[in-house]
Amino acid sequence: MECNKIQETLSSYLDGILTSEENKLIDEHLKSCQKCQGALADLKKTVEHIKNMEEVEPPAWFTQKTMARIKAETGHQKGFLQKLFYPLHIKLPLEAIAVIAIAVTTIYIFKSVQSEIQLAKVPSEEISKSEAPSPIIARDEVSSTKGGSTIGGKQSTETAIKKDGFALSFAPAPPLKKTGEEKKIAAIEKAKPSPAKPAEIPMTDKEPVTTGKFVEAQKAPAPAVKMYEAMPSAGVTASINNEMKRESLPKLKAFTSKIDKSFTLTIITKDIDIAAKNVDVIITQLKGKIIKAESLENKKILIAEIGSKKLQELIEKLRIIGRIKEKEPFLETGECRKELDCDIVRVTIILSL
Amino acid sequence: MSEDKEIKADEDYEAVSLCKKGDVDVFEVLVRKYQKKMINAAYRITGSYEDACEVVQDAFVSAYKAIKGFEGKSRFETWLYTIVINLSRNRLKQTRSRQQQEAFSMDDPVETEEGSIKFEHASNELSALKRLEQREIQKKVQECIRSLDDEFREVLVLRDMQGFSYDEISSMLKIADGTVKSRLFRARDAVKNCLKKMFGQSWHL
């Protein structure tokens with residue numbers, strides 16, 4: 001064989017992939033051929049060098065980065081989606097609980113609101129008149145974290161009391177002009193004992209005589225009830241005694257239940273307006289409050305609350321204004337509810353020609 | 001011969017099966033197992049360490065994404081190599097035009113977005129002089145390998161550096177057995193001649 005050809009096969013010879021016959025041939029040739037021996041030696045060396053090439057190391061971050069990339073491009077998305085869609089047996093109970101929780105909360109809120117409105121309507125049954133829908137005793141109660149000022153039955157103040165941003169003004173008698181003004185409590189909201197929202201209370205007439213503003217302050221951290229809608233100009237007043245127990249909600253309920261007696265007086269008078277003013281003065285003097293006033297064609301109706309002890313005085317004074325016709329016998333002292341204050345009596349005074 | 005007829009059982013069979021079912025964390029085992037080999041192969045083929053790292057990462061990602069379609073006709077390792085080689089080739093084509101024929105030293109830090117990467121040399125017990133010597137030699141060898149034509153280089157790397165059989169190379173590169181042999185011969189021959197030139201007198205030492 002020629003050296004050239006031999007040398008071509010040396011590579012395979014080196015790798016041992018030739019047949020035994022071929023190997024034999026080459027062996028034979030190599031014995032005598034130095035050239036080819038040299039060639040083989042060179043080849044061996046070369047391959048050695050190549051094999052001895054130092055391996056490089058992968059960078060330290062390689063695995064982590066590769067895996068992160070794989071997850072980002074594939075698996076991670078799956079996991080994320082899997083998290084959204086929990087297996088049914090977990091999902092359904094969770095959803096059921098959520099629905100129940102919402103339902104319960106809704107009912108609770110609904111009931112609270114309902115009861116507020118209903119109770120607000122209760123006292124109006126006694127006073128019910130005119131077209132005004134349920135005249136509701138509107139109360140302005142501001143929780144004052146400052147320990148509040150209870151103006152209980154005092155004519156202490158003037159036109160407006162600012163309280164935590166509240167400007168309460170109570171126009172006295174003259175609001176009789178406003179007919180059919182609806183007073184209502186749209187919603188009574190439980191407010192936190194933080195500054196209550198200033199409800200705009202329209203100051204109507206500036207009669208300095210204010211039959212009493214009251215601000216009932218909740219000293220207890222009980223949730224305060226605040227006016228939701230603007231209070232009508234007619235001063236909504238209630239005189240509250242200091243001893244009045246502070247109850248949490250509903251306040252209205254607590255309030256109305258104190259009044260266990262009410263009755264009606266009719267006064268015949270020549271001049272209704274003047275009479276009304278006088279009544280106002282009298283009530284104020286007696287430390288009572290006019291809660292409501294309505295004006296009809298020939299009549300004016302005033303509803304006042306006054307301490308029961310003052311009742312006699314009131315009647316005496318009212319006689320000065322005009323002839324009195326009592327609708328109900330008074331001077332009854334009924335049973336008072338235990339824990340409540342019995343002193344307050346509601347008087348409905350009808351002034352007519 | 002027997003070497004060519006070897007059929008190696010795929011030792012990665014279990015890991016691959018799990019990956020097929022979507023277990024991504026198992027794949028990390030495979031990454032760690034083959035990353036060095038792959039990077040080395042890619043490095044020798046592309047001539048750039050930085051390119052090699054990118055290429056191999058791409059290869060692993062592609063492999064994972066395609067694993068459901070992997071039928072096990074070849075071993076996982078072989079399959080992975082094929083991907084690496086293909087991507088390396090592509091990378092070479094991309095960078096070849098931009099490639100600068102700079103003197104290339106294994107010790108030059110490689111700039112990557114991660115910052116410079118220094119080659120991490122395997123620990124060496126030889127003396128400093130010897131090590132220096134070795135490095136010089138290796139520089140030269142690398143040069144010579146780089147100077148090969150692509151198809152020759154691939155065969156050389158797979159055979160003499162990665163240790164694949166002729167059969168495996170044949171299936172990986174999709175070439176006939178005879179082609180593998182002849183290419184290998186010519187590759188080695190070329191490197192030999194190149195080295196001889198470089199070493200000059202000292203070749204025979």
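Proteins come first, then strands; the chains are lettered A, B, ... in the order of their sequence lines, and each starts at number 1.
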Between Leu148(B) and Arg186(B), is any pair of side-chain heavy atoms under 4.5 Å apart?
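No, too far: nothing below the 4.5 Å cut-off.
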Over all atoms of both residues, closest heavy-atom pair of Asp42(A) and Lys192(B)
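Looking at all heavy atoms of both residues, the closest pair is CB-CD, 3.2 Å.
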For Trp61(A) and Gln57(B), which heavy atoms make the closest approach, and how far apart are they?
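In this case the closest contact between Trp61(A) and Gln57(B) is CZ3-NE2, 4.2 Å.
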Is chain B contacted by the side chain of Gln64(A), its backbone, both, or neither, given a heavy-atom distance below 4.5 Å?
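For Gln64(A), there is no contact with chain B at all, as no heavy atom is under 4.5 Å.
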For chain A, the option from [options] that forms the most heavy-atom pairs under 4.5 Å:
options: Val141(B), Val157(B), Val191(B); value: Val141(B)
options: Met38(B), Arg188(B), Met161(B); value: Arg188(B)
options: Leu195(B), Val31(B), Asp25(B), Val61(B); value: Val61(B)

So is Lys20(B) actually on top of Phe70(B)'s ring, under 6.0 Å and inside 45° of the axis?
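Pair Lys20(B)/Phe70(B) does not count as cation-pi.
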Under a 4.5 Å heavy-atom cut-off, does chain A meet the side chain of [X], its backbone, both or neither?
X: Asp58(B); value: both
X: Lys140(B); value: neither
X: Leu184(B); value: both
X: Val56(B); value: both

When heavy-atom pairs shorter than 4.5 Å are enumerated against chain B, which of Asn52(A), Val47(A), Leu14(A) gives the highest number?
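Answer, by heavy-atom pair count under 4.5 Å with chain B: Val47(A).
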Do Cys194(B) and Cys144(B) pass the disulfide (SG to SG under 2.5 Å) test, and can you show the C-alpha distance, the side-chain angles, and the key distance before you say yes or no?
CA-CA 6 Å; Cys194(B) 171; Cys144(B) 291; 2.0 Å; yes
Is it the case that atom CD in Glu14(B) sees more than 12 heavy atoms from other parts of the structure closer than 6.0 Å?
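No.
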Among Tyr34(B), Phe164(B), Phe60(B), which one satisfies ring pair (Phe, Tyr, Trp, His ring centres under 6.0 Å) with Tyr81(B)?
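Testing each of Tyr34(B), Phe164(B), Phe60(B) against Tyr81(B), the sole residue satisfying ring pair (Phe, Tyr, Trp, His ring centres under 6.0 Å) is Phe164(B).
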